[in-house]
Amino acid sequence: MSGFTAAAERCALAIRARPAASPPPPARQQQRQPAATRRAAALAAAASASRRGPVAPRAVVTPADRASSDLVGKFTLDSSSELQVAVNPAPQGSVAEIDLEVTNSSGSLVLHWGALRPDRREWLLPSRRPDGTAVYKNRALRTPFVKSGDKSTLRILIDDPAVHAIEFLILDETQNKWFKNNGQNFQIQLQSTRHRQGNGASGASSSATSTSVPEDLEEYEAARAELIDELNSGVSLEKLRAKLTKSPEAPESGESGSPASQTTIAKVPEDLVQVQAYIRWEKAGKPNYPPEKQLVEFEEARKELQAELDKGISIDQLKKKILKGNIESKVSKQLKNKKYFTVERIQRKKRDIMQLLTKHKHTVIEEQVEVSPKQPTVLDLFTKSLQETDGCEVLSRKLFKFSSKEILAIATKVQNRTKVHFATTHMEPLILHWSLAKKAGEWKAPPSNILPPGSKLLDIACETEFTKSERDGLRYQVVEIELDDGGYKGIPFVLRSGETWIKNNGSDFYLDLSIRDTRNIKDTSDAGKGTAKALLERIADLEEDAQRSLMHRFNIAADLVDQVRDAGLLGIVGLFVWIRFMATRQLTWNKNYNVKPREISKAQDRFTDDLENMYKTYPQYREILRMIMAAVGRGGEGDVGQRIRDEILVIQRNNDCKGGMMEEWHQKLHNNTSPDDVVICQALIDYIKSDFDISVYWDTLNKNGITKERLLSYDRAIHSEPNFRSEQKEGLLRDLGNYMRSLKAVHSGADLESAIATCMGYKSEGQGFMVGVEINPVKGLPSGFPELLEFVLDHVEDKSVEPLLEGLLEARVELRPLLLASPERMKDVIFLDIALDSALRTAIERSYDELNNAAPEKIMYFISLVLENLALSIDDNEDIVYCLKGWNQALEMAKQKDDQWALYAKAFLDRIRLALASKGEQYHSMMQPSAEYLGSLLNIDQWAVNIFTEEIIRGGSAATLSALLNRFDPVLRNVAHLGSWQVISPVEVSGYVAVVDELLAVQNKSYDKPTILLAKSVKGEEEIPDGVLGVITPDMPDVLSHVSVRARNSKVLFATCFDSSTLSELEGYDKKLLSFKPTSADISYREIAESELQQSSFPNAEVGATVPSVSLVKKKFLGKYAISAEEFSEEMVGAKSRNIAYLKGKVPSWVGVPTSVAIPFGTFEKVLSDRLNKDVAQSIEKLKSRLAQEDFNALGEIRKTVLNLAAPMQLVKELKEKMLSSEMPWPGDEGDQRWEQAWMAIKKVWASKWNERAYFSTRKVKLDHDYLSMAVLVQEIVNADYAFVIHTTNPSSGDSSEIYAEVVKGLGETLVGAYPGRAMSFVCKKDDLDSPKLLGFPSKPIGLFIRRSIIFRSDSNGEDLEGYAGAGLYDSVPMDEEDEVVLDYTTDPLIVDRGFQNSILSSIARAGHAIEELYGSPQDIEGVVRDGKIYVVQTRPQM
């Protein structure tokens, strides 16, 4: 619409709005013009008015005798003050009086004013001025108001007849605040003709220009009437515009044209533009707008308001429409700070992160309560007899209860014959009234050929009499039916005893043949293993009763709490699994039982009270208890549940919606409310907001798991769809919004608004809602907490979520002291914390789009927030807290542009991933067995059982964090120049891709064609299977781990792939033939034809190639049980011992070598042959015979048997002598127990000859396992700060000029063993040993530390053989157990002190170089660092 068209329309609207009667025009003071001329001038005046907008009402003065002042305007200054203006107009030659009065004013108001004359635009400063008036910059007058009570008044006298108006603003000097008229100056007209306004609102004009009403009002009104007639006759606005813009004919000579009416455009006040712009921004989710977008938003807001004014709405009406709630205060904050479209933020308190630390570890143990074995019932015995039939498969079964009796329906399949058995403990004469069904609800008469003997066929059913039977002295009755292959889905049935019909709680019994039974009763020895089995079976027994209503379920749960508590962690997990099955609608919520909402909420309240008490008493179970509470909802005594029943009536009464769907829902709510009602209420709200789009209603229901079938399944079914009228919209939205609070207060444990309301106290809102509700705030809440929660609620829907995340997290941290204590209303605080946690996860998921193009620092900050949230949600958070410290340190490094920030952050990202994986494994081992066993007992759908733990993890903070890490990982790898691959063993290979879950699971398998394994899990200690030419994994084993060394020695490609999309692509090549070509930092691959494989020149392409056998010389016992280092020889000990003895005195003085003694070859065999160990020797021989028959279970049994060896006295004597003479401590000096510890460690080293990894490795190279001899190197443990492994030739690149090393904190077992995470790694050029280059920071979460002790190292004759790398296959065992310590790298000088780091890494490189020089060949060296000193504990040739 053009400017003129809009103006014309406004003119027409203004004309329509005029009163029917107008005062008569005054007598003419001059000669009337000709009619045509007058009409043309009037039309021109109307056109002029049309171009500028509607005529503004104003005060004019009539030429009558002096009269009393007339009120010409009222103006709202702020929420409590009002300005009233009265004018007593001036007869000719007299004085005009203007009276101004401000109500509820301050005492410092000043009128800033001037007068207007028609012949000039600037203000005139009248000479007649009130007392106290001052001239302001020669451009205005300033006159103070006179204060009287709560009013301020002022009278102005105007004696200049040329003045036609005054114009002014009001200044509050105390607050330095200006008051305007809708953003413009106030203007009061002083005319010799008075014109009374229709609305009496104002005599003010927004324009500083002269305005007047045409002298010939009759002609003007006639012209306006003509405009209306033209519009009403169908003339378009464009044509009317063209007509009106033509110039009228010039008046005849001597005639002066009638002056055109001059009016002002109705301009939108600037303060309303600010408000409208804020409303638009709030509706958009408060996004961050750049300056240019901010300008656009202001202009759009102005256009929207102008459009409202164009429709004829007044500015006062516009104000009422948009100035609602606290919108003005919100806008004023932005104006005050001059920050438009900016979300306010809270100031988070600075805290020590370590205050978040909790160490309540979950320990999964078997059920702790002794339970008497359940006496089998006759139905158990009957079931067992069926199962014991050869080839019997149980298809489905169901146990029903009626009165005090039971009936079992069980379908079996034996030799392709399907039978259904009905067995009951009811011993009176009984008839089975049964049918067949191919779909739900069907009763179909069975074919005559399958009827049991004596059956009576009816119209749609059959009747068969039960026959009596007996088993183990217990009596029962049975019916057996053999089905044909009719594709039946189920068997509906009822029972008849005489004339009495027996049903299943008022419904038919039904055996669902489509539900497969998941229990294996034939072998129940492992059923329920890892669960609180007796509790789960008790729950299963009570489930039938629990299905009657949620009241029954919650009361049963409360009754079970003592048994749950006694069963420990697994008991609480079992309870959670049951409640979770309920919450996910896997269990029936209501069956043939009417219950009042207040009875449900009372039972809920009782159950959650019990959970609250357990939460206080058992801090180690709080994580699981929170999950139970979130699934249950809060509940509440008294009116909390009753409100659900009462307030639906209020909605129906207020909004005239008493029939149809609302009445059906009302009946359901009265008889059995459930969490479904929250979804139904939300669906109704969404439907109404969409202007009654019924598809929106169904979309909300379906997204939340409620189908049409579920609505029909309620005892009080909902058949109808909602159908409302447009005039009901506002009232329904208001009342349903209020009702939602009542529903969520009972059913939603994680609802933020109801949780806050419960803790902070309810407000009475909405007529008929929350009536009489008085809930006081929780005591002991932190100072400023209500304002913090108000901030959260104000921003919970913001599109830009960062300030909200900060607020939610700050609230959780503030609540934490209360959660650790035992406040009076602990339950309400727990539910609030659950709700804050849930809201934070939802907000993060909403932020993904925002983060797509965000700077790395912002993504890192979001990860930091989610990490902190996770730390607040778990019972044992030590690892997560240290991850948070490290991540925050990385974020600061990024902000400071530290050149190592990305490398540092990558290490912590990897560590966080490990922590999340560990948490997932913990949940799986803790919960999944209970889900599977209870699921089998309750016939839960198998898919729901299979994904049980996965869904728990997916719904928690860990999944949210994992998603953010996946987004950020490529960014980090790019910045740190890490690429998508780490190539551990660079070998060019071709083979068939095979996708496996774990390398461990296939390490003993032999592949019959060239294979490239894509292994999702690689721990580090596995063997490479026969036939495997390459291993690709997303896991991150150390470059110097056993499997990495094994891959390089065997010339097998081994690489870690960090890119999930590449891994997914490779998975798609499963069973296809690929060629892989690696470089030191990348891998290319392509699909090839079999002909290329056959032509391949790769040396390892042929799987069938002969594996060279390795021969061993059997070692004999040479008469000594123990020897000193000086006695080490090839006949007595292995290369490990000989090398360490060789180093002594030859390495530089700053490199330490620990003192050593050894238990030589042949000692194990000598001890085994001692008569003390005759029984052990016989047992081992038998087990070795089994092993020869490839019974590999014998390996573990041999290891256990070796531990039963007794030590000959001579061995003890000789070992003591050698250790003491070498100045090593003798364990026996600390008591017999200490010697026993040492002896057990020695035996464990010997037993490791039969560990699976070593045994299969020797088989692979055809090494005679009997010829393998095990010496034991005995060394005093250096209590290490750090441990390292050096390869003096870079193993990844083969560069002999470069040393590669890895370093861990604590003992070296975390480096050479299968401990998760990566070690610190670096390279160093041999010609520049002072300049080590860091390749990666450590991500290992665990360090091993030990007090002064002895370690017994394996030293076999099967290690370091040419063509066979046996190193690392056998165990080294310390006498004392190591302490596992969760590592905090942020305080470790090797990580944070660059100077210390360079010194230590350089010293390690120097030691490696010196030892390589000593041997003259590349070396594989292990050592430790203690107080800055380097110790080497072993060296061997690098393979």
Side-chain angles (χ1 to χ4, degrees), residues 379 382-383 386 392-402 405-424 426 429-467 476-518 544 547 588 590-592 707-715 717 719 938-942:
L379 298 184
F382 173 73
T383 304
L386 294 176
C392 177
E393 176 190 0
V394 174
L395 302 178
S396 58
R397 65 175 148 197
K398 181 78 174 175
L399 181 67
F400 303 95
K401 296 183 179 182
F402 58 96
K405 307 300 182 183
E406 295 178 329
I407 182 168
L408 173 71
I410 179 168
T412 63
K413 193 169 191 177
V414 181
Q415 297 176 352
N416 291 324
R417 296 168 62 188
T418 301
K419 292 184 179 182
V420 181
H421 312 263
F422 297 89
T424 179
H426 181 92
L430 193 65
I431 299 292
L432 179 71
H433 184 90
W434 62 282
S435 182
L436 297 173
K438 291 187 176 181
K439 59 184 179 181
E442 183 180 50
W443 276 72
K444 182 182 177 69
S448 58
N449 63 320
I450 70 168
L451 301 184
S455 296
K456 181 180 179 181
L457 190 61
L458 305 177
D459 186 22
I460 60 170
C462 177
E463 290 194 340
T464 305
E465 188 173 351
F466 279 83
T467 58
Y476 62 102
Q477 295 198 90
V478 68
V479 167
E480 180 181 300
I481 304 167
E482 184 172 339
L483 299 179
D484 59 6
D485 189 16
Y488 307 115
K489 299 296 184 183
I491 299 183
F493 65 96
V494 294
L495 304 172
R496 181 162 58 83
S497 179
E499 298 302 316
T500 303
W501 288 95
I502 301 170
K503 304 188 83 176
N504 183 27
N505 291 320
S507 300
D508 298 337
F509 296 98
Y510 186 76
L511 176 63
D512 192 337
L513 298 174
S514 64
I515 297 178
R516 286 293 180 260
D517 188 80
T518 56
E544 193 76 27
Q547 290 183 2
T588 302
N590 174 238
K591 185 187 289 183
N592 305 318
T707 61
K708 186 175 291 187
E709 290 73 24
R710 184 166 181 84
L711 293 176
L712 294 173
S713 73
Y714 302 141
D715 277 1
H719 300 272
L938 300 179
N939 283 320
I940 301 296
D941 289 342
Q942 193 60 43

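Starting from 1, each residue takes its place in the sequence as its number.
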| request: May I have the step-by-step check of side chain to side chain contact (heavy atoms under 4.5 Å, CB included) for L399 and E406, ending in yes or no? | output: CA-CA 7 Å; L399 181 67; E406 295 178 329; 3.8 Å; yes
| Side-chain touch F466/L495, heavy atoms, less than 4.5 angstrom | yes
| query | How are the rings of H433 and W443 set relative to one another: parallel (under 30°), tilted (30 to 60°) or perpendicular (over 60°)? | reply | tilted
| task | Would you indicate whether the side-chain heavy atoms of L513 and I491 approach each other to under 4.5 Å? | result | yes
| query | Given the rule in the salt bridge (charged side-chain N to carboxylate O under 4.0 Å, His left out) test, do D512 and K489 qualify, once you have shown the distances and angles that lead to the verdict? | reply | CA-CA 6 Å; D512 192 337; K489 299 296 184 183; over 6 Å; no
| task | Assess whether atom CG of D485 is packed by more than 12 heavy atoms of other residues, nucleotides or ligands within 6.0 Å. | result | no
| Okay, side chain of T412, backbone of C392: is any donor-acceptor separation there less than 3.5 Å? | no
| note | Shortest non-hydrogen pair, Q477 vs H426, comes out as NE2-O, 2.6 Å
| task | Provide the closest heavy-atom pair for Y510 versus G490 in the form atom of the first, atom of the second, distance. | result | OH-CA, 3.3 Å
| message | Walk me through whether T467 and E465 qualify under side chain to side chain contact (heavy atoms under 4.5 Å, CB included). | response | CA-CA 6 Å; T467 58; E465 188 173 351; over 6 Å; no
| Would W434 and V479 count as a side chain to side chain contact (heavy atoms under 4.5 Å, CB included) if you check the C-alpha gap in whole Å, the side-chain angles of each, and the deciding distance to 0.1 Å? | CA-CA 11 Å; W434 62 282; V479 167; 5.8 Å; no
| message | If I take atom CD1 from residue I481 and atom NE2 from residue H421, how far apart are they, to the nearest 0.5 angstrom? | response | 10.0 Å
| request: Identify, with sequence neighbours excluded, every residue that meets side-chain contact (heavy atoms from CB on, under 4.5 Å) alongside P429. | output: none
| said: If the test is side-chain contact (heavy atoms from CB on, under 4.5 Å), which one of L430, V494, I431 qualifies with I502? | reply: L430
| note | Scanning both residues in full, the closest heavy-atom pair of A445 with D459 reads CB-O, 3.6 Å
| query | When rounded to the nearest 0.5 angstrom, what distance separates CG in L436 from NZ in K444? | reply | 8.5 Å
| message | For D484, give me all partners under salt bridge (charged side-chain N to carboxylate O under 4.0 Å, His left out), at least two apart in sequence or on another chain. | response | none
| note | All heavy atoms of C462 vs all of P446, minimum pair found to be CB-CG, 3.8 Å
| said: Please determine whether side chain to side chain contact (heavy atoms under 4.5 Å, CB included) holds for the pair L483 and I450, giving the CA-CA distance in whole Å, both sets of side-chain angles, and the decisive distance to 0.1 Å. | reply: CA-CA 6 Å; L483 299 179; I450 70 168; 4.1 Å; yes
| query | In terms of side-chain geometry, is the basic nitrogen of E463 or R496 positioned less than 4.0 Å from the acidic oxygen of its partner? | reply | yes
| About how many Å separate OG1 of T418 and CD of E393, when rounded to the nearest 0.5 Å? | 9.0 Å
| task | Taking ring-ring contact (aromatic ring centres under 6.0 Å, His included) as the test, write out the residues that go with F400, two or more places apart. | result | F493, F509
| query | Can you tell me how far the NZ atom of K398 sits from the CD1 atom of I410, to the nearest 0.5 Å? | reply | 13.5 Å
| request: Could you grab the distance from atom CD of E480 to atom CG of L386, nearest 0.5 Å is fine? | output: 8.0 Å
| note | dist T424:OG1 -> F402:CZ (nearest 0.5 Å) comes out at 4.0 Å
